[in-house]
Amino acid sequence: MMFALVDCNNFYASCERMFNPSLNGRPVVVLSNNDGCVIARSNEAKALGIPMGAPAFQIQLLVERNEVAVFSANFPLYGDMSRRVMTILSEYSPEQEIYSIDECFLNLTGINEDLAAYGLKMRTHVLKWTGIPVSVGMAPTKALAKAANRIAKKFTERTGGSYVIDTDEKRIKALKWLPLEDVWGIGRRQAVKLKAAGMRTAYDFTQADREWVRKNMTIVGVKLQDELNGIPCMEMNPVEKKQSITTTRSFEKAYKSLDELRERITTFAASSAESLRKQNSLCRSLMVFIETNRFGEPFEQYSNNLMVKLPFATSSTIEIVQSAVQGLQKIFKEGYHYKRAGVVLMDFISETNLQPSLFFNSDPRHLSLMQTVDKLNNKFGTHVLKLASQDMRTWKMKQEHLSPAYTTNLNDVIRVKI
DNA sequence: TCTGGGGTCCTAGGACCC
DNA sequence: TCTGGGGTCCTAGGACCC
């Protein structure tokens with residue numbers, strides 16, 4: 001077996017920079033929705049010590065002193081750039097697993113070439129066609145490919161951004177270099193436990209007693225140990241349908257009334273339902289949740305969630321919204337300052353596997369109605385059609401540093417003067 | 001004033017059944 | 001002191017990922 005893990009460097013920051021070359025060499029950060037906290041940093045921003053996840057207001061001083069370029073997250077742009085990168089990479093293997101917006105696994109088993117050079121070829125190709133720098137790690141297991149990727153990225157000057165672990169010597173050298181907490185699959189919790197047991201590097205972990213690992217880290221830990229020892233346990237996962245679809249947002253200000261929350265929940269449920277239809281699924285239950293400011297202060301805290309079983313499988317926005325709002329009414333309590341809410345759809349079946357029930361079924365008229373709505377919304381841009389109860393008030397996300405929709409809106413396409 | 005959003009998998013323990 | 005035991009299904013919560 002041979003896997004590649006290809007990963008875009010500082011992806012969101014690289015996307016912003018791609019359309020604004022004057023930012024080359026300058027520190028760049030991208031903020032989450034509501035301009036809340038840092039979700040991407042260029043190397044220069046990392047070097048300034050701006051931590052991942054830092055609240056925007058806490059890095060204000062650093063930003064001003066160092067002329068850091070700050071952007072509000074522009075997810076349509078990143079999604080579009082991702083699609084382009086992934087399409088190029090798919091040419092390098094018969095099997096691609098898109099693992100996240102900025103990385104994918106490729107199955108390189110049977111590719112009869114010098115792999116390090118093959119990785120460099122991918123990197124050059126992607127950079128030339130999209131302007132996005134990527135790193136390529138290759139190894140006989142997914143976990144080792146992840147480790148190889150870290151080496152490719154960390155030592156770009158030496159590796160050119162492409163590194164292969166194809167011998168036991170290289171494997172051991174890599175694992176002795178890789179700190180425990182940087183291993184794919186070992187999180188903060190486990191790292192503490194492993195360090196307490198005297199381990200420090202990925203290599204130490206591979207030497208740990210198998211039974212101890214099973215007891216302390218379940219079967220997941222045992223598989224990871226095998227993977228790092230070069231025994232593949234994780235296969236390529238073909239792109240499958242999602243098992244749950246979530247829409248959640250923090251609010252710019254606190255909401256107190258049921259009416260305000262009802263509008264938000266309606267909008268979230270509608271957005272989730274749209275994604276559900278996109279993958280041709282129906283859902284049989286959903287969860288709605290609301291919460292006050294989890295950072296406390298100065299008001300009393302309350303958070304709650306509720307699972308709602310739908311009377312039938314459906315993808316109708318109307319029916320899903322109804323159930324979500326019923327759920328909201330059950331958990332809503334007067335007197336709190338709500339700061340976040342969300343709707344999770346789950347328990348899916350495929351449209352084609354629907355077994356109609358004798359008495360309770362989704363309103364058959366909704367399917368064609370929804371198809372029409374989706375078609376129109378697709379054709380004329382987002383949400384020319386929506387429920388009357390959606391977006392009643394002028395709800396707005398804080399986005400003070402939003403870049404143009406360079407690739408998805410004709411008016412924002414970059415013009416080149418000749 | 002100001003702290004994101006969207007996923008997956010595994011397990012323990014309760015409910016229920018025989 | 002002194003409990004029956006074993007299977008299955010479901011769910012909440014924890015851990016991890018990006």
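First the proteins, then the strands, lettered A, B, ... as listed; each starts at 1.
K398(A) and N33(A) are not linked by any side-chain donor-acceptor pair at a separation below 3.5 angstrom, with hydrogens and angles left out of the test. Judged by distance alone, the side chains of D80(A) and T408(A) never bring a donor and an acceptor atom under 3.5 Å apart. No side-chain donor-acceptor contact under 3.5 Å links N34(A) and S250(A). Between S403(A) and N20(A), the side chains place no donor N or O within less than 3.5 Å of an acceptor N or O (distance only, hydrogens not considered). Residues N304(A) and Y302(A) bring a donor and an acceptor atom of their side chains to less than 3.5 Å of each other. Residues S257(A) and D259(A) have side chains that never bring a donor and an acceptor to within less than 3.5 angstrom of each other. A side-chain N or O of Q279(A) and one of S281(A) form a donor-acceptor pair less than 3.5 Å apart. In this model, a donor atom of one side chain and an acceptor atom of the other lie less than 3.5 Å apart for T352(A) and S350(A).
Nearest-nucleotide positions on DNA chain B place K241(A) closer to the 5' end than the other of I219(A) and K241(A).
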Check nucleotides 8-11 of chain C against the protein and report each pair of N or O atoms closer than 3.5 Å, with its distance, or say if there are none.
from, atom 1, to, atom 2, distance (Å)
dT11(C), OP1, K309(A), NZ, 3.3

Polar-atom pairs under 3.5 Å, protein N or O versus N or O of nucleotides 3-5 of chain B: list them with distances, or write none.
from, atom 1, to, atom 2, distance (Å)
dT3(B), OP1, K339(A), NZ, 3.0
dG4(B), OP1, R294(A), NH2, 3.3
dG4(B), OP2, R294(A), NH2, 2.6
dG4(B), O4', S32(A), OG, 2.8
dG5(B), OP1, S250(A), N, 2.9
dG5(B), OP2, S250(A), N, 3.2
dG5(B), OP2, S250(A), OG, 2.9
dG5(B), O3', R249(A), NH1, 3.3

Protein-nucleotides 13-16 of chain C N/O pairs closer than 3.5 Å?
from, atom 1, to, atom 2, distance (Å)
dC16(C), OP1, G187(A), N, 3.1
dC16(C), OP1, G187(A), O, 3.4
dC16(C), OP1, R189(A), N, 3.4
dC16(C), OP1, Q190(A), N, 2.9
dC16(C), OP2, R189(A), N, 3.3

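The aromatic ring centres of Y163(A) and F155(A) sit 6.0 Å or more apart.
Rounded to a whole Å, the CD atom of Q399(A) is 18 Å from the P atom of dC2(B). Summarising the geometry, the separation between CD on E400(A) and C1' on dT1(B) is reported as 12 Å, rounded to the nearest angstrom. D102(A) has its CG atom 14 Å from the C1' atom of dG6(B), to the nearest Å. Between the P atom of dC2(B) and the NZ atom of K398(A) lies a distance of 9 Å, rounded to the nearest Å. When rounded to the nearest whole Å, the span between CG of L5(A) and C1' of dC18(C) equals 11 Å. As a whole-Å value, the separation of N149(A) CG from dC18(C) C1' is 13 Å. The NZ-P distance, from K142(A) to dC17(C), rounds to 15 Å in whole Å. Distance, F299(A) CZ to dT1(B) C1': 12 Å, rounded to whole Å.
A stem is defined here as three or more consecutive Watson-Crick or G-U pairs, each with both distances under 3.5 Å; for DNA chain C these stems are B:5-18 with C:5-18.
Among pairs with a residue in residues 119-132 of chain A, those fulfilling side-chain hydrogen bond (donor to acceptor under 3.5 Å, both in side chains) read Y92(A)-H125(A), at least two apart in sequence or across chains. A side-chain hydrogen bond (donor to acceptor under 3.5 Å, both in side chains) check over residues 326-339 of chain A, counting only residues at least two apart or in different chains, returns nothing.
With salt bridges taken as basic N to acidic carboxylate O contacts below 4.0 Å, one links R214(A) and E211(A). Between D204(A) and K195(A) no salt bridge is recorded (no basic side-chain N to carboxylate O distance below 4.0 Å).
Nucleotides dT3(B) and dC18(C) are separated by 25 Å at their P atoms, to the nearest Å.
Residue K253(A) is out of contact with every strand shown, counting any heavy-atom pair closer than 4.0 Å. Nucleic acid contact for I245(A): sugar-phosphate only, since backbone atoms but no base atoms lie under 4.0 Å from a heavy atom of the residue. Residue Q60(A) is out of contact with every strand shown, counting any heavy-atom pair closer than 4.0 Å.
Between atom CZ of residue F295(A) and atom CD of residue Q301(A) there is a gap of 10.5 Å, rounded to the nearest 0.5 Å.
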